[in-house]
Number of protein chains: 2
Amino acid sequence: MEKKVVTIYDVAEAANVSMATISRVVNGNANVKEETRKRVLEVIDRLNYRPNAVARGLASKKSTTIGVILPDITDLYFASLAKGIDDVASMYKYNIILTSLQESIGDEEQILNNLLSKQVDGLIYMGKQLSKKVKRTLGSSKTPIVLAGSVDRNNETASVNIDFTDAVYNIISQLVQNGHKKIAFVGGSLENPIDGKYRLDGYKKALKKAHINFSSNLVFEAEYSVRAGEAIWDAVKNSGATAAYVTEDLLAAGILNSAMKSGTKVPEDFEIFTSNNTVLCEVTRPKMSSIEEPLYDIGAVAMRLLTKMMNQEQIDENTVKLPYSIVKRESTK
Amino acid sequence: MEKKVVTIYDVAEAANVSMATISRVVNGNANVKEETRKRVLEVIDRLNYRPNAVARGLASKKSTTIGVILPDITDLYFASLAKGIDDVASMYKYNIILTSLQESIGDEEQILNNLLSKQVDGLIYMGKQLSKKVKRTLGSSKTPIVLAGSVDRNNETASVNIDFTDAVYNIISQLVQNGHKKIAFVGGSLENPIDGKYRLDGYKKALKKAHINFSSNLVFEAEYSVRAGEAIWDAVKNSGATAAYVTEDLLAAGILNSAMKSGTKVPEDFEIFTSNNTVLCEVTRPKMSSIEEPLYDIGAVAMRLLTKMMNQEQIDENTVKLPYSIVKRESTK
DNA sequence: ATAAAGCGAGTAAACGCTTGCAAATTATGT
DNA sequence: ACATAATTTGCAAGCGTTTACTCGCTTTAT
C-alpha cells in the first residue's frame with residue numbers, strides 16, 4: 001500500500017469546496033466564511049495535509065527561503081552571525097539555505113547562481129568581499145542582498161557592521177594611554193579590507209593622534225589559527241612591541257599562549273587586545289580583553305533589513321553600524 | 001524596462017528546438033545530437049539562462065535539498081558536524097536548509113513539517129533524540145533521515161557515531177592506570193542518552209574492571225558552558241576526585257581554569273580529559289587532552305549515507321561507528 | 001420592491017519544468 | 001534502393017499551488 005501524498009484537491013473534495021477555497025484558508029485570505037474555514041481547517045488536520053512549498057513557490061514566485069553565504073561555519077565569528085540570522089529568519093518564517101565558500105575562488109559565482117536558481121527571496125553574504133562579477137549577476141536578478149560583518153567599499157550594497165576603524169582607534173588609544181609606544185597590529189590578510197583598510201586605519205589614526213610614528217615593522221599578517229598565533233609570537237616580541245592588537249580570537253589565543261609559555265607575563269609585561277569576543281576569550285587564561293562586536297545582533301539586524309528589502313519597504317539606512325563595546329578581561333591592565 | 005526572466009521557452013525559441021530538448025541538455029540526457037547540444041549550450045550561455053530549481057522540483061519531485069536540524073550552530077561540536085555535512089552535500093550537489101532547534105520543546109514537530117513541506121529529499125538530525133511523534137511523522141513521509149552524533153536507542157534510525165561507551169571506558173582506564181581512585185564524571189544532562197547512558201556506562205564499566213566502586217557522588221551534571229565549569233570546580237574538588245572526565249569542551253575549559261586559578265596544578269595535582277577535541281582544547285593552557293571524535297567525518301559520512309538512502313541504494317550498515325582516537329595534550333600525564 | 005454593492009466560492013489559466021510516448025529523421029544491412 | 005532499426009526530436013500531460021475573473025446569493029439603501 002503506497003502512501004499517497006495529500007494534495008489540495010484531496011482536501012477540497014473531503015471538505016466539499018473547491019481547491020481555491022482551501023488555498024484561501026491556508027493563506028489566511030479573508031474571503032472565506034468562518035464556518036467554511038473551520039470545516040476546512042478540520043479536514044486539513046484530519047487528512048494531515050501539508051501544503052507543498054515547492055508548488056507554492058512556483059505559483060507565487062516566492063520561496064520563503066533565503067541564501068546565506070559564509071566562509072566557514074566552524075569559525076565562531078560566522079557561526080554567531082549565522083545564529084542571529086537564523087533566529088530572525090525563523091521569526092519571519094524564512095528558511096535558510098546555508099552555503100560555504102569553498103577554498104576555490106572561482107566558484108563564488110557558481111554558488112550564487114545555484115542559490116538564485118533555487119529562487120531564494122534574498123541573500124546574506126559574509127564573505128570577504130563581493131567580486132565585480134558577482135555584483136553584476138546580482139544586479140541582473142532582482143534578489144536583494146545584505147552583507148553581514150562584511151563591508152562594501154562603495155556602500156552600494158546594504159550592510160550591517162560596526163565601525164571597525166573607530167573600534168580599533170579606541171583600543172589603540174587605550175594601549176597608548178597605558179604607556180605603550182610600540183604596539184603590534186596582528187591581522188589576517190591585509191587584502192581583506194576589514195583588516196587591511198578599516199582596522200589598520202584606526203590603528204594609524206590612533207598612533208598619529210599620539211604622535212607615534214607608524215612603522216610597518218609592527219604590522220603582522222597571519223592566518224587565523226592558534227598555530228599561526230603561536231608561531232608569530234617570537235617575531236612580535238622581537239619587534240620590540242609591548243602590546244598587541246589582534247584582529248581575531250584564535251590568533252590572539254595562540255599569541256597569548258606562546259607569550260605565557262615563553263615567560264612573558266600577560267598583561268604585566270605585554271598587553272593583548274583581541275577583536276571578536278567569542279567564547280574563546282573566556283577560555284584562555286588569562287581571559288582576553290576584546291572588542292565586543294555584537295555578532296548575534298549584526299546577523300539579526302542584517303536579516304531584519306533583508307526582510308524589509310524583500311517586502312519592498314522603504315529603507316532609511318543602507319549601511320547600518322551597530323554600537324560595539326570593549327570588554328576588559330585579564331589580558332590588559 | 002523590466003528585466004524578464006529567461007525561461008526554457010526562450011532558450012528553445014532562440015535555439016530553434018523544442019523546450020524538451022533544452023530540458024534534455026540541461027539534464028545531461030544522452031538522447032541529444034552533439035551538434036544540437038552545442039548549439040543549445042551556446043544559447044543558454046548567451047541568454048544567461050538559469051534553470052528554475054523550484055519548477056524542476058515540482059516536475060521531478062526532487063528538490064536536491066536536504067534539511068539539517070541541530071541545536072545550536074555556535075556550538076563547535078555541531079558546527080564541525082555541519083561542516084562535514086555541508087562539504088559532502090555540495091559534492092553531491094545538494095543544498096542544505098539549516099534549522100536550529102529552538103529552546104521550546106514542542107516545535108520540533110513543526111520544524112520537521114516545515115522541512116517536509118519544502119520537499120527536502122532527506123534529513124540529518126543532530127538533536128538529542130527523536131521524539132515518538134516526530135518519528136511517526138517521519139514514517140508517514142518517505143523522507144530518509146540519518147542521525148549525526150546523535151543516537152537512537154533502538155537503532156531503528158540510521159546514525160553515524162563513535163562508540164561512546166568504548167571511548168569513555170578507555171579514558172577512564174587510563175586514568176585508573178595513572179593511579180586515580182576517585183575520578184569525577186562531569187556531564188551535561190544525564191537525560192541525554194549519550195551522556196546519561198553510553199558515556200556513563202563506559203565510566204562504570206572501567207571502574208568495575210578496576211574493582212573501584214561506583215559512587216554517584218562523583219557524577220556531576222552541568223550546563224555546557226565555561227561558567228558552569230568554573231562554578232562546579234569546588235564541588236568536584238571537594239568530592240575528593242583527583243581526576244575528571246568531562247563530556248564537553250567548554251565545560252572542561254571552565255573546570256580547568258578554576259582549578260588552575262585555585263592553585264590546583266593540572267595535570268600534576270589533577271588530571272582532566274575532555275571529549276570533543278574542538279579547537280578549545282588547544283586554546284586553554286595547559287592544552288586539554290581529549291577524546292577525538294572525528295566530527296567532520298561523522299558529518300561527512302552521515303551525509304554520504306543519506307545520499308545512498310536517497311538513491312535507494314542498498315545500505316549495509318544502518319548504524320555506523322567511526323573510529324575515534326585519544327589526543328594527549330597537557331592536561332593529563 | 002429594486003438596483004447597487006458586497007460577500008463567498010468556483011473556474012481555469014498560469015508558474016517553468018520533466019518525461020512518457022509518438023513522430024521524424026538518420027543510419028544500417030541487404 | 002528499400003525495409004528496418006536506431007537515434008533525435010517534438011508534443012502534451014502533468015507536478016500542486018496561486019490568483020485573476022466570474023457568478024450567484026445576500027445585504028443595504030433608496
Side-chain angles (χ1 to χ4, degrees), chain A residues 3-41 43-44 47-65 113-114 116-121 141-142, chain B residues 3-41 43-44 47-65 113-114 116-121 141-142:
Chain A
K3 259 127 188 174
K4 256 295 251 104
V5 172
V6 182
T7 74
I8 203 171
Y9 283 101
D10 303 322
V11 180
E13 191 177 350
N16 242 304
V17 290
S18 79
M19 44 152 311
T21 300
I22 310 298
S23 174
R24 290 196 188 95
V25 353
V26 167
N27 291 297
N29 185 309
N31 292 339
V32 184
K33 211 199 297 183
E34 193 48 35
E35 183 198 317
T36 317
R37 178 187 308 279
K38 278 232 293 255
R39 180 156 40 98
V40 169
L41 249 19
V43 175
I44 285 181
L47 298 193
N48 225 292
Y49 168 65
R50 190 190 296 126
N52 181 324
V54 172
R56 296 175 87 168
L58 182 57
S60 68
K61 291 167 169 291
K62 290 199 175 63
S63 63
T64 58
T65 294
N113 273 319
N114 172 245
L116 290 179
S117 84
K118 293 259 163 147
Q119 312 303 115
V120 294
D121 297 331
S141 87
K142 284 272 165 238
Chain B
K3 259 129 189 173
K4 254 297 245 106
V5 172
V6 182
T7 76
I8 203 171
Y9 283 100
D10 302 323
V11 180
E13 192 178 348
N16 242 302
V17 289
S18 79
M19 43 152 314
T21 300
I22 309 298
S23 174
R24 290 197 188 95
V25 352
V26 167
N27 291 297
N29 186 310
N31 293 337
V32 183
K33 209 199 296 182
E34 193 48 36
E35 183 197 320
T36 318
R37 177 185 310 278
K38 278 234 290 259
R39 180 156 41 97
V40 169
L41 250 21
V43 175
I44 285 181
L47 299 193
N48 226 292
Y49 167 65
R50 189 190 297 125
N52 180 324
V54 172
R56 295 175 87 168
L58 183 58
S60 68
K61 291 166 168 292
K62 289 200 176 64
S63 63
T64 58
T65 295
N113 273 319
N114 172 244
L116 290 178
S117 85
K118 292 259 163 146
Q119 313 302 116
V120 294
D121 298 331
S141 87
K142 285 271 165 238

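Here is how names work: the chains are called A, B, and so on, in the same order as the sequence lines, proteins then strands, and each is numbered from 1.
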Polar pair under 3.5 Å, donor/acceptor by atom type, side chain Arg50(B), base dG16(C): no
Between Ile22(A) and Val17(A), what is the shortest heavy-atom contact and its length? CD1-CG2, 3.7 Å
Rounded off to whole Å, could you give me the CG-to-C1' distance for the Asn29(A) and dT18(D) pair? 11 Å
Is a donor from one side chain sitting under 3.5 angstrom from an acceptor on the other, for Arg56(A) and Asn27(A)? yes
Using OP1 and OP2 only, check whether a side-chain N or O of Lys61(B) sits under 4.0 Å from dG16(D). yes
Does dA9(C) have OP1 or OP2 sitting under 4.0 Å from an N or O in the side chain of Thr36(A)? yes
If you take all heavy atoms of Tyr49(B) and Val6(B), which pair is closest and at what distance? CD1-O, 3.5 Å
Below 4.0 Å: OP1/OP2 of dT18(D) and any side-chain N or O of Asn27(A): yes
Counting any heavy atom closer than 4.0 Å, what does Ser23(B) reach on the DNA or RNA strands: base, sugar-phosphate only, or nothing? base
Without decimals, in angstroms, what is the distance between Asn31(B) CG and dT25(C) C1'? 14 Å
Ion pair check, Glu35(A) and Lys38(A), cut-off under 4.0 Å: no
Nearest whole Å is fine: how far is dT17(D) P from Arg24(A) CZ? 15 Å
Name the nucleic acid region contacted by Thr7(B), choosing base, sugar-phosphate or nothing; use a 4.0 angstrom heavy-atom cut-off, strictly under. sugar-phosphate
Are OP1 or OP2 of dG10(C) and a side-chain N or O of Thr21(A) less than 4.0 angstrom apart? yes
What is the distance, rounded to the nearest whole Å, between atom NZ of Lys62(B) and atom C1' of dT19(C)? 12 Å
So do the side chains of Gln119(B) and Thr65(B) get within less than 4.5 Å of each other, counting heavy atoms only? no
Kindly point out which of dA9(C), dG10(D), dT18(C) is positioned nearest to the side chain of Ile8(B)? dT18(C)
Please work out if Val17(B) contacts a base, only the sugar-phosphate, or nothing of the nucleic acid, heavy-atom cut-off 4.0 Å. sugar-phosphate
Rounded interatomic separation in angstrom, taking CD from Glu13(B) and C1' from dG10(D): 15 Å
Pair of N/O donor and acceptor under 3.5 Å linking dG8(C) base with Arg37(A) side chain: no
Map Ser18(A) and Tyr9(A) onto DNA chain C by nearest heavy atom, then report which one ends up closer to the 5' terminus. Ser18(A)
Using heavy atoms to find the nearest nucleotide of DNA chain D for Ala59(B) and Ala20(B) separately, return the residue whose nucleotide is more 5′. Ala20(B)
Hey, does Asn52(B) reach any base, or is it just sugar-phosphate, or nothing, if we go heavy atoms under 4.0 Å? sugar-phosphate
Minimum heavy-atom distance Ser117(B)-Pro51(A), with the two atoms named: CB-O, 3.3 Å
Atom NZ of Lys33(B) and atom P of dA6(D) are separated, to the nearest Å, by 19 Å
Ile22(B) CD1 to dT19(C) P: how many Å, rounded? 16 Å
DNA chain D nearest-nucleotide lookup for Leu58(B) and Val32(B): closer to the 5′ end is Val32(B)
Whole-Å distance, Met19(B) CE to dG14(D) C1', equals 12 Å
